[in-house]
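Have a look at the structure below, then the notes.
Below, each value reflects all heavy atoms present in this structure, side chains not excepted, and no hydrogens, waters or symmetry copies. Each ligand, and each atom within it, is numbered from 1 in the order the structure gives. Since the structure is predicted, the reported quantities are computational estimates derived from the model, not experimental observations.
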Amino acid sequence: MTKRVVLAYSGGLDTSVAIGWIGQATGAEVIAVAVDVGQGGENLETIRERALACGAAEAYVADAREEFASQYCMPALAANALYMDRYPLVSALSRPVIVKHLVRAARQFEADTVAHGCTGKGNDQVRFEVSITSLAPDLKCLAPVRDLALTRAAAIDYAEAHGLPIETTKSSPFSVDQNVWGRAVETGFLEDIWNAPTKDVYTYSDDPSFPPVEDEVVIGFKAGVPVTLDGVAVTPLQAIQEMNRRAGAQGIGRIDMVEDRLVGIKSREVYEAPGAMALIEAHRDLEGVTVERELARFKRLVGTRWSELVYDGLWFSPLKQALDGFIAETQRYVEGEIRLVLHGGRAVVTGRRSDASLYDFNLATYDEGDSFDQSQARGFIELFGMQSKLAAARQARLSQD
Ligand code: ARG
């Protein structure tokens, strides 16, 4: 039986050429798999036909948008996941769901290898391959750009020599990866970290310097998941899409940073994630109202660690899965509504209400008639500060000698 390789296919030059390139190098048939994670752009049927025209034995398209939104983006929202406190894990979140579909295709078409188009310098190669081996330890991995020396120049020559139906002239100045949770832009003139991003870098968001009138939205949550927007029921996918549109119009969620890659390189990244950043702002605020203090403090540590694990390609790892269990438990009472004002690059919470609120007006009020007994504070502070007082007294005593 001919060997088969499943290829993560984007429809772009590199993976189109990789179809024939892999065939030549390995003698295998290539099954091209395109996964829709809400990246927009070309119609997936067009992409499927291109894969076949480039020599794929089979081409398979998976609509993973709802799955990606509910099983990958929502856990990231529950964790308030921001790598290095800033990056909402856009690409890192999509790799495991893409791999799920690649592995499924590998089983269906009896392939023994899964291939992807990543280079040898980034995080994505790690995420693909660690996810593949975690789900299917028996499958082999192949990265034609990295392992079979498929350079851009070689790809252009190959495409032209074989008359592949793909543009070889129109080369984007950037490397872009996008999905419904956001968009990542790197390389080109952004590699000089003093260069400011130009307008053409952004497509998910408008310039925040010239915003339209402010936009007020009420987001309803249940168990940490957005379930209504202005009172209208939404799926996770719809919540993200709608917030991308509304927060994007206000230029919210633009991030320009130098980031620590897993492979040891610092790299300049420009992101836009209007919906994700607005939702995280709202979700975090609702947690402030509904999550008990000690749980909330510990959860912030867990969220940071979760983000690092996901960034590092360990989505399917035991620790990440165990932390998922913890985070899910913290979301039990994260329900209610958040009023968010979107304007000029900022998403600002201006109100919150919840049946599961731990905020007690009668305890908090500075007006007459509160139920908080202030006379007890004195004794509390006396005991709470006891060990600091003893240590300070010792320091004073011993440093005099
Ligand atoms: N640096 C980001 C990450 O590792 C974005 C990667 C985007 N990938 C790309 N091929 N442009 O998550």
Query raised in the report: So which bit of M257 gets within less than 4.0 Å of ligand 1, heavy atoms only: side chain, backbone, both or neither?
Result: neither

Query raised in the report: What atoms in ligand 1 come closer than 4.0 Å to a heavy atom of R127?
Result: 3 (C), 4 (O), 12 (O)

Requested in this report: Give me the one residue out of F326, W315, Y83 that meets ring pair (Phe, Tyr, Trp, His ring centres under 6.0 Å) with W306.
Outcome: W315

Query raised in the report: Does a salt bridge link D112 with R4, judged by any charged N lying under 4.0 Å from a carboxylate O?
Result: no

Query raised in the report: How does Y271 reach ligand 1, by side chain, by backbone, by both or by neither, if only non-hydrogen atoms under 4.0 Å count?
Result: side chain

Query raised in the report: Hey, are E287 and R300 close enough for a salt bridge, meaning a charged N less than 4.0 Å from a carboxylate O?
Result: no

Query raised in the report: Identify the closest protein heavy atom to atom 4 (O) of ligand 1: which residue and atom is it, and at what distance?
Result: N123 ND2, 2.7 Å

Query - Part of V185 within contact of ligand 1 (heavy atoms, under 4.0 Å) - result: neither

Report summary line: Among Y87, Y83, Y311, closest by heavy atom to atom 12 (O) of ligand 1 is Y87

Query raised in the report: Using 4.0 Å as the upper bound for N to carboxylate O, is an ion pair formed by R107 and D138?
Result: yes

Query raised in the report: Below 4.0 angstrom, N of the basic side chain to O of the carboxylate: do R332 and E329 qualify?
Result: yes

**Report entry** Donor-acceptor contact below 3.5 Å, side chain R261 vs main chain K266
**Finding:** no

Report task. Report the nearest protein non-hydrogen atom to atom 7 (C) of ligand 1: residue, atom name, distance rounded to 0.1 Å. Result -> S91 OG, 3.4 Å

**Report entry** Aromatic Y9 / basic R48 pairing, under 6.0 angstrom, 45° off normal
**Finding:** no

Requested in this report: Look at ligand 1 and say whether R261 reaches it with a heavy atom at a distance under 4.0 Å.
Outcome: no

Query raised in the report: Short list, please: which atoms of ligand 1 are under 4.0 Å from a heavy atom of E259?
Result: 1 (N), 2 (C), 3 (C), 4 (O)

**Report entry** atom 11 (N) of ligand 1 [closest protein heavy-atom partner, distance rounded to 0.1 Å]
**Finding:** S175 OG, 2.9 Å

Query raised in the report: Considering only heavy atoms of A184, which atoms of ligand 1 have at least one such atom less than 4.0 Å away?
Result: 5 (C), 7 (C)

Report task. Using a strict 4.0 Å threshold on nitrogen-to-oxygen distance, state whether D206 and R254 make a salt bridge. Result -> no

Report summary line: Residue, atom and distance of the protein heavy atom nearest atom 8 (N) of ligand 1 read D124 OD2, 3.1 Å

